[in-house]
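Presented below is the structure to which this report refers.
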Protein chains: 2
Amino acid sequence: MARIKTTKDESRKDVILTAAAESFRERGYKATSMRDLAEKVGIEAASLYNHIDSKSELLIDICFSITSLMNDFMTSVEESDQTSLQKVETILRFQIRQMVDNFDNNFVANREWNHLDEPELSEFRTQRHEYRKRMNHIITKGIADGEIKESINVPATVWLLLHAIYGIESWHRSKVRVDPAVLEENMITILIGGLKK
Amino acid sequence: MARIKTTKDESRKDVILTAAAESFRERGYKATSMRDLAEKVGIEAASLYNHIDSKSELLIDICFSITSLMNDFMTSVEESDQTSLQKVETILRFQIRQMVDNFDNNFVANREWNHLDEPELSEFRTQRHEYRKRMNHIITKGIADGEIKESINVPATVWLLLHAIYGIESWHRSKVRVDPAVLEENMITILIGGLKK
DNA sequence: CCTACCGATCGGTAGG
DNA sequence: CCTACCGATCGGTAGG
(Lines give C-alpha, C1' and ligand atoms only; values in the text may rest on other atoms or scores of the structure.)
Protein backbone atom coordinates (compact mmCIF):
# COMPACT_ATOMS: atom_id res chain seq x y z
CA MET A 1 0.00 0.00 0.00
CA ALA A 2 2.94 2.24 0.61
CA ARG A 3 3.78 1.46 -2.99
CA ILE A 4 0.54 2.76 -4.47
CA LYS A 5 0.93 6.03 -2.61
CA THR A 6 4.06 7.06 -4.49
CA THR A 7 2.34 6.98 -7.84
CA LYS A 8 -0.78 8.68 -6.48
CA ASP A 9 -1.07 12.41 -5.96
CA GLU A 10 2.40 13.56 -5.00
CA SER A 11 1.31 17.17 -4.66
CA ARG A 12 -0.71 16.35 -1.56
CA LYS A 13 2.44 15.14 0.12
CA ASP A 14 4.18 18.37 -0.81
CA VAL A 15 1.44 20.33 0.92
CA ILE A 16 1.96 18.20 4.02
CA LEU A 17 5.74 18.67 3.85
CA THR A 18 5.41 22.44 3.60
CA ALA A 19 3.04 22.53 6.54
CA ALA A 20 5.33 20.21 8.50
CA ALA A 21 8.41 22.36 7.89
CA GLU A 22 6.56 25.43 9.13
CA SER A 23 5.19 23.62 12.20
CA PHE A 24 8.50 22.00 13.09
CA ARG A 25 10.18 25.39 12.78
CA GLU A 26 7.60 27.18 14.92
CA ARG A 27 7.07 24.64 17.68
CA GLY A 28 9.82 22.10 17.19
CA TYR A 29 9.53 18.53 15.94
CA LYS A 30 8.61 16.93 19.25
CA ALA A 31 6.11 19.60 20.18
CA THR A 32 4.26 19.34 16.87
CA SER A 33 1.53 16.70 17.01
CA MET A 34 0.06 15.01 13.98
CA ARG A 35 -3.25 16.55 15.02
CA ASP A 36 -1.70 20.04 14.84
CA LEU A 37 -0.30 19.24 11.43
CA ALA A 38 -3.55 17.75 10.15
CA GLU A 39 -5.46 20.83 11.21
CA LYS A 40 -3.02 23.01 9.30
CA VAL A 41 -3.53 20.90 6.18
CA GLY A 42 -7.29 20.84 6.71
CA ILE A 43 -7.87 17.12 7.20
CA GLU A 44 -8.13 14.66 10.10
CA ALA A 45 -4.95 13.29 11.66
CA ALA A 46 -5.65 9.74 10.50
CA SER A 47 -5.93 10.95 6.92
CA LEU A 48 -2.33 12.12 6.89
CA TYR A 49 -1.33 8.48 6.82
CA ASN A 50 -2.75 8.06 3.33
CA HIS A 51 0.09 10.27 2.12
CA ILE A 52 2.94 9.54 4.51
CA ASP A 53 4.10 6.56 6.51
CA SER A 54 5.12 8.29 9.72
CA LYS A 55 5.94 11.57 11.39
CA SER A 56 9.63 10.75 11.25
CA GLU A 57 9.47 10.40 7.47
CA LEU A 58 8.60 14.10 7.27
CA LEU A 59 11.68 15.10 9.22
CA ILE A 60 13.85 12.82 7.10
CA ASP A 61 12.54 14.31 3.86
CA ILE A 62 13.07 17.87 5.04
CA CYS A 63 16.58 17.33 6.37
CA PHE A 64 17.92 15.40 3.42
CA SER A 65 16.43 17.70 0.81
CA ILE A 66 18.61 20.42 2.33
CA THR A 67 21.79 18.39 2.57
CA SER A 68 21.49 17.30 -1.05
CA LEU A 69 20.89 20.88 -2.19
CA MET A 70 23.97 22.04 -0.29
CA ASN A 71 26.15 19.22 -1.52
CA ASP A 72 25.14 19.80 -5.14
CA PHE A 73 25.95 23.47 -4.91
CA MET A 74 29.27 22.75 -3.26
CA THR A 75 30.20 20.47 -6.13
CA SER A 76 29.42 23.13 -8.71
CA VAL A 77 31.56 25.65 -6.83
CA GLU A 78 34.46 23.26 -6.48
CA GLU A 79 34.40 22.68 -10.23
CA SER A 80 34.35 26.40 -11.02
CA ASP A 81 37.51 28.37 -11.74
CA GLN A 82 37.13 30.94 -9.00
CA THR A 83 39.86 31.69 -6.47
CA SER A 84 39.44 30.13 -3.03
CA LEU A 85 38.24 33.33 -1.43
CA GLN A 86 35.74 33.81 -4.25
CA LYS A 87 34.52 30.27 -3.68
CA VAL A 88 33.99 30.96 -0.01
CA GLU A 89 32.05 34.09 -0.88
CA THR A 90 29.93 32.26 -3.45
CA ILE A 91 29.06 29.57 -0.94
CA LEU A 92 28.24 32.05 1.77
CA ARG A 93 26.00 34.04 -0.55
CA PHE A 94 24.17 30.88 -1.62
CA GLN A 95 23.63 29.82 1.95
CA ILE A 96 22.45 33.25 3.00
CA ARG A 97 19.94 33.31 0.14
CA GLN A 98 18.83 29.79 0.99
CA MET A 99 18.23 30.83 4.55
CA VAL A 100 16.11 33.77 3.43
CA ASP A 101 14.17 32.08 0.61
CA ASN A 102 13.78 28.57 1.96
CA PHE A 103 13.62 29.43 5.59
CA ASP A 104 11.47 26.75 7.22
CA ASN A 105 13.26 23.81 5.64
CA ASN A 106 16.69 25.22 6.44
CA PHE A 107 15.72 25.97 10.00
CA VAL A 108 14.48 22.43 10.54
CA ALA A 109 17.56 20.91 8.90
CA ASN A 110 19.81 23.05 11.10
CA ARG A 111 18.00 22.83 14.40
CA GLU A 112 15.73 19.82 14.51
CA TRP A 113 17.85 17.18 12.78
CA ASN A 114 18.85 15.78 16.17
CA HIS A 115 15.39 14.21 16.39
CA LEU A 116 16.20 11.93 13.47
CA ASP A 117 16.40 8.24 14.39
CA GLU A 118 19.07 5.84 13.27
CA PRO A 119 20.24 5.12 10.67
CA GLU A 120 19.30 8.54 9.27
CA LEU A 121 20.83 10.34 12.24
CA SER A 122 24.29 8.95 11.50
CA GLU A 123 23.86 9.49 7.79
CA PHE A 124 22.94 13.12 8.36
CA ARG A 125 25.90 13.69 10.65
CA THR A 126 28.20 12.13 8.07
CA GLN A 127 26.90 14.37 5.31
CA ARG A 128 27.39 17.48 7.40
CA HIS A 129 30.87 16.39 8.30
CA GLU A 130 31.75 15.81 4.65
CA TYR A 131 30.42 19.22 3.73
CA ARG A 132 32.59 20.89 6.35
CA LYS A 133 35.62 18.99 5.17
CA ARG A 134 35.09 20.39 1.70
CA MET A 135 34.86 23.90 3.15
CA ASN A 136 38.04 23.24 5.14
CA HIS A 137 39.78 22.26 1.95
CA ILE A 138 38.83 25.46 0.14
CA ILE A 139 39.98 27.64 3.01
CA THR A 140 43.23 25.74 3.45
CA LYS A 141 43.93 26.32 -0.24
CA GLY A 142 43.13 30.02 0.19
CA ILE A 143 45.72 30.28 2.94
CA ALA A 144 48.33 28.44 0.86
CA ASP A 145 47.63 30.84 -2.01
CA GLY A 146 48.13 33.84 0.27
CA GLU A 147 44.54 35.06 -0.11
CA ILE A 148 43.40 34.28 3.43
CA LYS A 149 45.04 35.16 6.76
CA GLU A 150 47.41 32.39 7.74
CA SER A 151 46.76 33.04 11.44
CA ILE A 152 43.30 31.49 11.42
CA ASN A 153 42.34 28.03 12.60
CA VAL A 154 40.59 26.36 9.69
CA PRO A 155 38.02 24.08 11.39
CA ALA A 156 37.06 26.81 13.85
CA THR A 157 36.66 29.25 10.98
CA VAL A 158 34.38 26.94 9.00
CA TRP A 159 32.32 26.56 12.13
CA LEU A 160 32.11 30.31 12.58
CA LEU A 161 31.10 30.98 8.97
CA LEU A 162 28.41 28.34 8.90
CA HIS A 163 26.89 29.25 12.21
CA ALA A 164 26.92 32.94 11.53
CA ILE A 165 24.64 32.09 8.63
CA TYR A 166 22.44 29.72 10.59
CA GLY A 167 21.77 32.71 12.81
CA ILE A 168 19.64 34.19 10.07
CA GLU A 169 16.97 31.79 11.29
CA SER A 170 16.29 33.90 14.29
CA TRP A 171 16.61 37.16 12.44
CA HIS A 172 13.95 36.04 10.01
CA ARG A 173 11.23 35.58 12.59
CA SER A 174 12.17 38.59 14.69
CA LYS A 175 10.91 42.13 14.63
CA VAL A 176 14.23 43.42 13.29
CA ARG A 177 13.38 43.94 9.65
CA VAL A 178 16.47 44.11 7.51
CA ASP A 179 16.30 43.94 3.73
CA PRO A 180 17.68 40.54 2.61
CA ALA A 181 20.09 42.16 0.16
CA VAL A 182 21.45 44.47 2.87
CA LEU A 183 21.79 41.51 5.21
CA GLU A 184 23.71 39.57 2.61
CA GLU A 185 26.13 42.41 1.82
CA ASN A 186 26.66 43.05 5.49
CA MET A 187 27.54 39.46 6.25
CA ILE A 188 29.91 39.28 3.31
CA THR A 189 31.58 42.56 4.29
CA ILE A 190 32.32 41.40 7.80
CA LEU A 191 33.09 37.73 7.20
CA ILE A 192 35.07 38.02 3.97
CA GLY A 193 36.66 41.18 5.33
CA GLY A 194 37.69 39.25 8.41
CA LEU A 195 39.17 36.39 6.39
CA LYS A 196 41.06 38.42 3.81
CA LYS A 197 44.77 38.82 4.34
CA MET B 1 4.26 23.64 50.80
CA ALA B 2 6.08 25.38 48.00
CA ARG B 3 7.25 27.71 50.72
CA ILE B 4 8.90 25.06 52.89
CA LYS B 5 10.86 23.74 49.91
CA THR B 6 12.85 26.93 49.42
CA THR B 7 14.31 26.80 52.90
CA LYS B 8 14.98 23.06 52.67
CA ASP B 9 17.97 21.59 50.87
CA GLU B 10 18.63 23.92 47.98
CA SER B 11 21.58 21.87 46.76
CA ARG B 12 19.27 19.05 45.69
CA LYS B 13 17.50 21.42 43.37
CA ASP B 14 20.84 22.46 41.92
CA VAL B 15 21.59 18.85 41.11
CA ILE B 16 18.25 18.61 39.33
CA LEU B 17 18.87 21.84 37.45
CA THR B 18 22.26 20.66 36.24
CA ALA B 19 20.82 17.35 35.09
CA ALA B 20 17.93 19.16 33.43
CA ALA B 21 20.22 21.52 31.51
CA GLU B 22 22.22 18.59 30.19
CA SER B 23 19.11 16.63 29.23
CA PHE B 24 17.38 19.58 27.61
CA ARG B 25 20.54 20.26 25.64
CA GLU B 26 20.97 16.66 24.50
CA ARG B 27 17.39 15.75 23.69
CA GLY B 28 15.52 19.03 23.77
CA TYR B 29 13.01 20.24 26.34
CA LYS B 30 9.96 18.50 24.90
CA ALA B 31 11.74 15.22 24.30
CA THR B 32 13.05 15.05 27.86
CA SER B 33 10.59 13.31 30.15
CA MET B 34 10.51 13.72 33.89
CA ARG B 35 11.25 9.99 34.09
CA ASP B 36 14.45 10.49 32.04
CA LEU B 37 15.44 13.31 34.31
CA ALA B 38 14.65 11.40 37.49
CA GLU B 39 16.76 8.49 36.34
CA LYS B 40 19.69 10.82 35.73
CA VAL B 41 19.34 12.22 39.24
CA GLY B 42 18.88 8.74 40.69
CA ILE B 43 15.38 9.01 42.13
CA GLU B 44 11.82 8.26 41.01
CA ALA B 45 9.98 10.75 38.82
CA ALA B 46 7.43 11.55 41.51
CA SER B 47 10.19 12.45 43.93
CA LEU B 48 11.38 15.30 41.73
CA TYR B 49 8.28 17.18 42.80
CA ASN B 50 9.56 17.47 46.33
CA HIS B 51 12.18 19.86 44.98
CA ILE B 52 10.48 21.56 42.05
CA ASP B 53 6.95 22.55 41.16
CA SER B 54 6.93 21.67 37.48
CA LYS B 55 9.00 20.82 34.44
CA SER B 56 8.51 24.31 33.09
CA GLU B 57 10.02 25.80 36.24
CA LEU B 58 13.32 24.15 35.29
CA LEU B 59 13.36 25.79 31.87
CA ILE B 60 12.48 29.14 33.39
CA ASP B 61 15.30 28.93 35.92
CA ILE B 62 17.87 27.96 33.29
CA CYS B 63 16.88 30.63 30.77
CA PHE B 64 16.67 33.53 33.18
CA SER B 65 19.90 32.68 34.99
CA ILE B 66 21.62 33.23 31.65
CA THR B 67 19.86 36.46 30.75
CA SER B 68 20.66 37.96 34.12
CA LEU B 69 24.31 36.95 33.82
CA MET B 70 24.52 38.54 30.37
CA ASN B 71 22.75 41.70 31.42
CA ASP B 72 24.97 42.16 34.46
CA PHE B 73 28.09 41.78 32.39
CA MET B 74 26.77 44.20 29.77
CA THR B 75 26.22 46.79 32.49
CA SER B 76 29.78 46.46 33.75
CA VAL B 77 31.14 46.89 30.23
CA GLU B 78 29.00 49.92 29.52
CA GLU B 79 30.31 51.54 32.68
CA SER B 80 33.95 50.82 31.79
CA ASP B 81 36.14 53.36 30.01
CA GLN B 82 37.03 51.22 27.00
CA THR B 83 36.53 52.37 23.42
CA SER B 84 33.50 51.01 21.60
CA LEU B 85 35.46 48.45 19.64
CA GLN B 86 37.16 47.29 22.84
CA LYS B 87 33.76 46.96 24.46
CA VAL B 88 32.53 44.79 21.60
CA GLU B 89 35.62 42.62 21.93
CA THR B 90 35.21 42.30 25.70
CA ILE B 91 31.60 41.25 25.30
CA LEU B 92 32.40 38.75 22.57
CA ARG B 93 35.18 37.22 24.66
CA PHE B 94 32.89 36.92 27.66
CA GLN B 95 30.20 35.26 25.61
CA ILE B 96 32.64 32.86 23.99
CA ARG B 97 33.99 31.84 27.38
CA GLN B 98 30.46 31.47 28.72
CA MET B 99 29.60 29.19 25.85
CA VAL B 100 32.63 27.03 26.54
CA ASP B 101 32.47 26.94 30.35
CA ASN B 102 28.73 26.99 30.94
CA PHE B 103 27.70 25.13 27.86
CA ASP B 104 24.49 23.31 28.76
CA ASN B 105 22.77 26.30 30.30
CA ASN B 106 23.73 28.59 27.44
CA PHE B 107 22.61 26.08 24.86
CA VAL B 108 19.22 25.74 26.50
CA ALA B 109 18.81 29.49 26.88
CA ASN B 110 19.69 29.98 23.20
CA ARG B 111 17.83 27.13 21.62
CA GLU B 112 15.05 25.89 23.89
CA TRP B 113 13.67 29.14 25.27
CA ASN B 114 10.85 29.00 22.75
CA HIS B 115 9.23 26.32 24.90
CA LEU B 116 8.69 28.83 27.69
CA ASP B 117 5.04 29.61 28.40
CA GLU B 118 3.59 33.04 28.94
CA PRO B 119 4.28 35.31 30.69
CA GLU B 120 7.91 34.15 30.82
CA LEU B 121 8.09 33.80 27.05
CA SER B 122 7.36 37.48 26.50
CA GLU B 123 9.62 38.49 29.36
CA PHE B 124 12.49 36.49 27.87
CA ARG B 125 11.96 38.00 24.43
CA THR B 126 11.95 41.46 25.94
CA GLN B 127 15.20 40.85 27.79
CA ARG B 128 16.91 39.58 24.65
CA HIS B 129 15.65 42.56 22.72
CA GLU B 130 16.96 44.97 25.33
CA TYR B 131 20.33 43.28 25.29
CA ARG B 132 20.59 43.66 21.53
CA LYS B 133 19.63 47.29 21.74
CA ARG B 134 22.53 47.87 24.10
CA MET B 135 24.86 46.13 21.64
CA ASN B 136 23.44 48.27 18.83
CA HIS B 137 24.20 51.35 20.84
CA ILE B 138 27.84 50.42 21.39
CA ILE B 139 28.40 49.68 17.70
CA THR B 140 26.65 52.83 16.56
CA LYS B 141 28.98 54.79 18.83
CA GLY B 142 31.94 52.93 17.36
CA ILE B 143 30.93 54.01 13.88
CA ALA B 144 30.46 57.62 14.95
CA ASP B 145 33.92 57.54 16.53
CA GLY B 146 35.44 56.24 13.31
CA GLU B 147 36.54 52.93 14.84
CA ILE B 148 34.09 50.70 12.98
CA LYS B 149 33.30 50.53 9.25
CA GLU B 150 30.49 52.96 8.47
CA SER B 151 29.23 50.69 5.69
CA ILE B 152 27.77 48.08 8.02
CA ASN B 153 24.13 47.69 9.01
CA VAL B 154 24.03 47.82 12.78
CA PRO B 155 21.13 45.49 13.67
CA ALA B 156 22.26 42.89 11.12
CA THR B 157 25.77 43.08 12.54
CA VAL B 158 24.65 42.53 16.11
CA TRP B 159 22.71 39.54 14.86
CA LEU B 160 25.75 38.18 13.08
CA LEU B 161 28.07 38.59 16.06
CA LEU B 162 25.68 37.00 18.52
CA HIS B 163 24.82 34.04 16.34
CA ALA B 164 28.38 33.36 15.33
CA ILE B 165 28.95 32.80 19.03
CA TYR B 166 25.85 30.71 19.59
CA GLY B 167 27.35 28.40 16.99
CA ILE B 168 29.92 27.29 19.53
CA GLU B 169 27.15 25.10 20.90
CA SER B 170 27.49 22.67 18.06
CA TRP B 171 31.24 22.87 17.98
CA HIS B 172 31.36 21.84 21.58
CA ARG B 173 29.59 18.54 21.15
CA SER B 174 31.22 17.71 17.81
CA LYS B 175 34.27 15.65 17.01
CA VAL B 176 36.16 18.76 15.89
CA ARG B 177 38.36 19.40 18.89
CA VAL B 178 39.68 22.94 18.97
CA ASP B 179 41.35 24.37 22.04
CA PRO B 180 39.00 26.94 23.62
CA ALA B 181 41.71 29.61 23.68
CA VAL B 182 42.42 29.08 19.97
CA LEU B 183 38.73 29.20 19.22
CA GLU B 184 38.39 32.46 21.08
CA GLU B 185 41.33 34.13 19.33
CA ASN B 186 40.11 32.91 15.98
CA MET B 187 36.63 34.32 16.44
CA ILE B 188 38.01 37.64 17.62
CA THR B 189 40.45 37.83 14.71
CA ILE B 190 37.74 37.35 12.11
CA LEU B 191 34.88 39.24 13.70
CA ILE B 192 36.78 42.22 15.10
CA GLY B 193 38.94 42.20 11.96
CA GLY B 194 35.76 42.36 9.89
CA LEU B 195 34.32 45.23 11.91
CA LYS B 196 37.44 47.40 12.14
CA LYS B 197 37.68 50.32 9.76
C1' DC C 1 -10.67 10.94 3.64
C1' DC C 2 -13.46 9.94 7.98
C1' DT C 3 -15.00 7.75 12.66
C1' DA C 4 -13.56 5.18 16.21
C1' DC C 5 -10.18 3.58 18.80
C1' DC C 6 -5.52 1.18 20.31
C1' DG C 7 -1.44 0.98 23.59
C1' DA C 8 2.16 3.83 25.26
C1' DT C 9 3.74 7.63 27.50
C1' DC C 10 3.37 12.07 29.29
C1' DG C 11 3.35 15.65 33.55
C1' DG C 12 1.76 15.57 37.81
C1' DT C 13 -0.85 14.12 42.46
C1' DA C 14 -2.31 11.37 46.69
C1' DG C 15 -0.98 9.31 50.51
C1' DG C 16 2.23 7.41 53.17
C1' DC D 1 11.66 9.70 48.82
C1' DC D 2 8.52 5.75 47.24
C1' DT D 3 4.29 3.10 45.29
C1' DA D 4 0.35 3.59 42.94
C1' DC D 5 -2.19 5.91 39.93
C1' DC D 6 -4.84 9.98 37.45
C1' DG D 7 -6.46 12.27 33.05
C1' DA D 8 -4.64 13.93 28.82
C1' DT D 9 -2.38 13.38 24.76
C1' DC D 10 0.59 11.11 21.73
C1' DG D 11 1.67 8.38 17.00
C1' DG D 12 -0.55 5.27 14.53
C1' DT D 13 -4.18 1.48 12.84
C1' DA D 14 -8.70 -0.81 11.43
C1' DG D 15 -12.33 -0.62 8.72
C1' DG D 16 -15.16 1.56 5.84
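Basis for what follows: all heavy atoms, side chains included, without hydrogens, waters or symmetry-related copies.
- Partners of A/Glu118 according to the side chain to side chain contact (heavy atoms under 4.5 Å, CB included) rule, which considers only residues two or more places apart in sequence or in another chain, are A/Leu121, A/Ser122.
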Its contact letters, B for base, S for sugar-phosphate only and - for none at protein heavy atoms under 4.0 Å, make nucleotides 3-16 of chain D read BB-----SBBB---
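- Evaluation of the side chain to side chain donor-acceptor pair (under 3.5 Å) rule for B/Glu185 yields B/Arg93 as partners, not counting sequence neighbours.
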Solution key, residues 59-66 of chain A side-chain donor-acceptor pairs under 3.5 Å, sequence neighbours excluded:
{"residue": "A/Asp61", "atom": "OD2", "partner": "A/Lys13", "partner atom": "NZ", "Å": "3.0"}
{"residue": "A/Ser65", "atom": "OG", "partner": "A/Asp61", "partner atom": "O", "Å": "3.4"}
{"residue": "A/Ser65", "atom": "OG", "partner": "A/Ile62", "partner atom": "O", "Å": "2.9"}

**Message:** Pair A/Ser11, A/Asp14 - check side-chain hydrogen bond (donor to acceptor under 3.5 Å, both in side chains), show working.
**Reply:** CA-CA 5 Å; A/Ser11 68; A/Asp14 288 343; over 6 Å; no
For residues 135-144 of chain B, please give each side-chain donor-acceptor pair under 3.5 Å, one per line with the distance, not counting sequence neighbours.
{"residue": "B/Thr140", "atom": "OG1", "partner": "B/Asn136", "partner atom": "O", "Å": "2.7"}
{"residue": "B/Lys141", "atom": "NZ", "partner": "B/Asp145", "partner atom": "OD2", "Å": "2.9"}

Applying the Watson-Crick and G-U criteria (both distances under 3.5 angstrom) with [ ] for crossing and | for other-strand pairs, one obtains for DNA chain D ||||||||||||||||
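- Residue pairs meeting the ring pair (Phe, Tyr, Trp, His ring centres under 6.0 Å) criterion with at least one member in residues 18-47 of chain B, sequence neighbours excluded, are B/Phe24-B/Tyr29, B/Tyr29-B/His115.
- In this structure, the CD1 atom of A/Ile52 is 14 Å from the C1' atom of C/dC1, given to the nearest Å.
- Listed by chain and residue number, nothing satisfies the side chain to side chain contact (heavy atoms under 4.5 Å, CB included) test with A/Ser68 (two or more places apart in sequence, or in another chain).
- Partners of A/Lys40 according to the salt bridge (charged side-chain N to carboxylate O under 4.0 Å, His left out) rule, which considers only residues two or more places apart in sequence or in another chain, are A/Glu22, A/Glu26.
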